[in-house]
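Predicted, not measured: the structure shown is a model, and the values here were computed from it. Atom set for the values below is all heavy atoms of this structure, side chains included, hydrogens, waters and symmetry mates excluded.
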Amino acid sequence: MRTAEFDYELPEAAIAQRPAEPRDSSRLLVDRGPAVPPEHRLTCDLPRLLGPGDVLVVNNSRVMAARLRLHKATGGRVEVLLLESGAHGWWSALVRPGRRVPPGTELWFDGQPVMEVGERIGGDGRRWVRPTGDPSALMGQAGEVPLPPYVTEDLADTERYQTVYADRPVSAAAPTAGLHLTEEVLHRCRATGARVCMLELAVGAATFTPVAADELDDHVMHSEWYRIPEATLAACAGAERVVAVGTTVVRALESAAITGSARGSTSLFIKPGHQFAAVDALLTNFHLPRSSLLALLAAFVGPRWRDTYTTALAEGYRFLSLGDAMFCTRNPGP
């Protein structure tokens, strides 16, 4: 399948630059299937779409202050985005400008060396880096919560790029479908008889790396670490319907269904042809053209994703991480 099949025209004006205020006032396009016209609601209406037997699963990972603005001993500026910790103190990271930072370079902050840059990882721009001290302390001193590159305005409150239930700081980007939810909305979801359960997937390069290959099958999906509590797995096993809040939750639950493991590293690339084993409905944002996230949506709802996106653009929905959302029911498939 060619990657161009997941292309569409996204006007710059449709890319949200700030989140809706309040969170649950964002718009929600409800897609119940090809035989039913789409509904236009708000995300505060989510409880009306749930009921007894439903399990709503969220990703409670917190975004790290992973963007570090450092410099070389010569004064040249270097930006590092920490992605995932590895062995012996090394982290995978994106380093810019990478071509001007050879292996062995020391990076400085506040008058002292704080990081060593190592070798390249594959050919996708990632590097190994090793903080000289405690990485958490470095992020506390020099780190910023990283916003996507298409968001060109600073957030007045960076907590708006965190979910209200965010826990451990392990992600390099937010699980953005959860940004719409408030404690009050979650309380009303529970009041319908639905259960709300947590899992953790550390959002990293697999989620936001563009698909550059011409053929979808040639795209290399990076791994992301996940863990699913036994209580969440048990709730999903007994559910009439599992509703995933975001594509990261889909990847974690489907990975567990395939491998039988409640925790581990997944490089699962969900694309058309995937046989879903765990998830029945999905709350998700509107995604970039030619992205792995859009391929996942196409696998979930089939080719009607394009009509849904055309409707959303025509109706003025706001796209991408800080934008509006859609609630969709899985295509029953063959």
Side-chain angles (χ1 to χ4, degrees), residues 6 8 10 14-16 19-20 23-24 26-33 38-46 49-50 54-61 148 150 161 163 165 171 173-181 185-186 189 196-197 199 201 203 206-208 211 224 226 241-255 268-272 274 276 278-313 315 317-331:
F6 303 94
Y8 69 93
L10 177 60
I15 300 174
R23 290 175 184 261
D24 60 359
S26 54
R27 299 176 70 189
L28 180 65
L29 193 156
V30 180
D31 170 30
R32 299 184 186 271
E39 302 171 36
H40 302 287
R41 295 175 174 256
L42 301 178
T43 50
C44 62
D45 295 325
L46 177 63
L49 305 176
L50 304 177
D54 288 338
V55 173
L56 186 74
V57 186
V58 302
N59 180 359
N60 67 353
S61 67
Y150 47 75
Y161 194 60
T163 62
Y165 43 78
S171 285
T176 54
L179 298 179
H180 306 282
L181 303 180
V185 167
L186 293 171
C189 288
V196 178
C197 295
L199 60 75
L201 182 139
V203 184
T207 296
F208 54 73
V211 178
E224 292 173 321
Y226 72 93
R241 186 174 64 156
V242 174
V243 181
V245 177
T247 58
T248 61
V249 172
V250 176
R251 291 187 67 235
L253 291 177
E254 292 293 321
S255 295
L268 177 64
F269 184 12
I270 298 177
K271 53 187 182 293
H274 177 81
F276 288 89
V279 179
D280 304 297
L282 171 63
L283 176 71
T284 187
N285 285 21
F286 296 96
H287 303 299
L288 279 167
R290 304 174 68 100
S291 63
S292 64
L293 306 183
L294 190 53
L296 184 152
L297 179 65
F300 199 76
V301 303
R304 74 177 188 268
W305 75 265
R306 188 174 290 279
D307 291 337
T308 303
Y309 270 46
T310 298
T311 297
L313 287 168
E315 293 290 335
Y317 279 74
R318 302 178 316 130
F319 275 49
L320 307 187
S321 294
L322 301 182
D324 296 316
M326 63 181 293
F327 183 95
C328 52
T329 301
R330 177 167 55 85
N331 188 14

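- Checked by atom type and distance alone, the side chain of Glu254 pairs as donor or acceptor with a backbone atom of Val279 at under 3.5 Å.
- Using a 4.0 Å cut-off between a side-chain N of Lys or Arg and a carboxylate O of Asp or Glu, Arg330 and Asp280 qualify as a salt bridge.
- In terms of heavy atoms, Leu179 sits closest to Thr163 at CD2-N, 3.8 Å.
- Within the structure, salt bridge (charged side-chain N to carboxylate O under 4.0 Å, His left out) pairs that include any residue of residues 297-307 comprise Asp31-Arg304 (at least two apart or interchain).
- Contact detail for Leu201 and Ser61: the closest heavy-atom pair is O-OG, 3.2 Å.
- In this structure, His40 contributes its side chain and Pro38 its backbone to no donor-acceptor pair below 3.5 Å.
- No donor-acceptor pair closer than 3.5 Å links the side chain of Tyr226 to the backbone N or O of Leu199.
- No side-chain heavy atom of Leu288 sits less than 4.5 Å from a side-chain heavy atom of Leu294.
- The CG atom of Leu320 sits 8.0 Å away from the CG atom of Asn285 when rounded to the nearest 0.5 Å.
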Discussion item. As a quick check of understanding, evaluate side-chain contact (heavy atoms from CB on, under 4.5 Å) for Glu315 and Leu313, giving each step before the final call.
Written reply: CA-CA 5 Å; Glu315 293 290 335; Leu313 287 168; over 6 Å; no

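- Between Tyr161 and Leu322 there is a side-chain heavy-atom pair separated by less than 4.5 Å.
- Summarising the geometry of Pro272 relative to Ala298, their closest heavy-atom pair is CG-CB, 4.0 Å, with the distance given to 0.1 Å.
- With His287 as the partner, the side-chain contact (heavy atoms from CB on, under 4.5 Å) test is satisfied by one option alone out of Thr176, Leu296, Leu293: Leu293.
- In this structure, CG on Asp24 lies 8.5 Å from CG on Leu181, to the nearest 0.5 angstrom.
- We find the CZ-OG distance between Phe208 and Ser291 to be 13.0 Å, quoted to the nearest 0.5 Å.
- For the pair Arg27 and Tyr317, the cation-pi criterion (under 6.0 Å, within 45° of the ring axis) is fulfilled.
- The shortest non-hydrogen separation linking Val242 to Ala278 is CB-O, 3.3 Å.
- When all heavy atoms of Cys189 and Leu56 are compared, the closest pair comes out as SG-CD2, 4.2 Å.
- Counting heavy atoms from C-beta outward, Val250 and Leu282 have side chains that approach closer than 4.5 Å.
- Contact between Ile270 and Ala299 at its shortest, heavy atoms only, is CG2-CB, 4.0 Å.
- With a 4.5 Å cut-off on side-chain heavy atoms, Leu297 and Met326 count as touching.
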Discussion item. Go through it in stages, so that I can follow the logic: the residues are Thr310 and Tyr8, the test is side chain to side chain donor-acceptor pair (under 3.5 Å), and I'd like the CA-CA distance, side-chain angles, deciding distance and then a yes or no.
Written reply: CA-CA 9 Å; Thr310 298; Tyr8 69 93; over 6 Å; no

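- In this structure, Arg241 and Val243 have side chains that are in contact, with non-hydrogen atoms separated by less than 4.5 Å.
- Between the side chains of His180 and Asp324, no donor-acceptor pair of N or O atoms lies under 3.5 Å.
- To the nearest 0.5 angstrom, Tyr165 atom OH is 8.0 Å from Asn60 atom CG.
- The backbone N or O of Ala174 sits nowhere less than 3.5 Å from a side-chain atom of Ser171 that would complete a donor-acceptor pair.
- At a threshold of 4.5 Å between non-hydrogen side-chain atoms, the residues Leu46 and Phe327 count as touching.
- Not one N or O on the side chain of Arg251 forms a donor-acceptor pair closer than 3.5 Å with the backbone of Ser255.
- In this structure, the side chains of Val203 and Asn59 come closer than 4.5 Å at one or more pairs of heavy atoms.
- Using cut-offs of 30° and 60° for the angle between ring planes, the Phe286 and Phe319 rings count as parallel.
- To the nearest 0.5 angstrom, Trp305 atom CH2 is 13.0 Å from Cys328 atom SG.
- Centroid-to-centroid, the aromatic rings of His274 and Phe269 stay 6.0 Å apart or farther.
- Rounded to the nearest 0.5 Å, atoms CG (Leu29) and OG1 (Thr43) are 12.5 Å apart.
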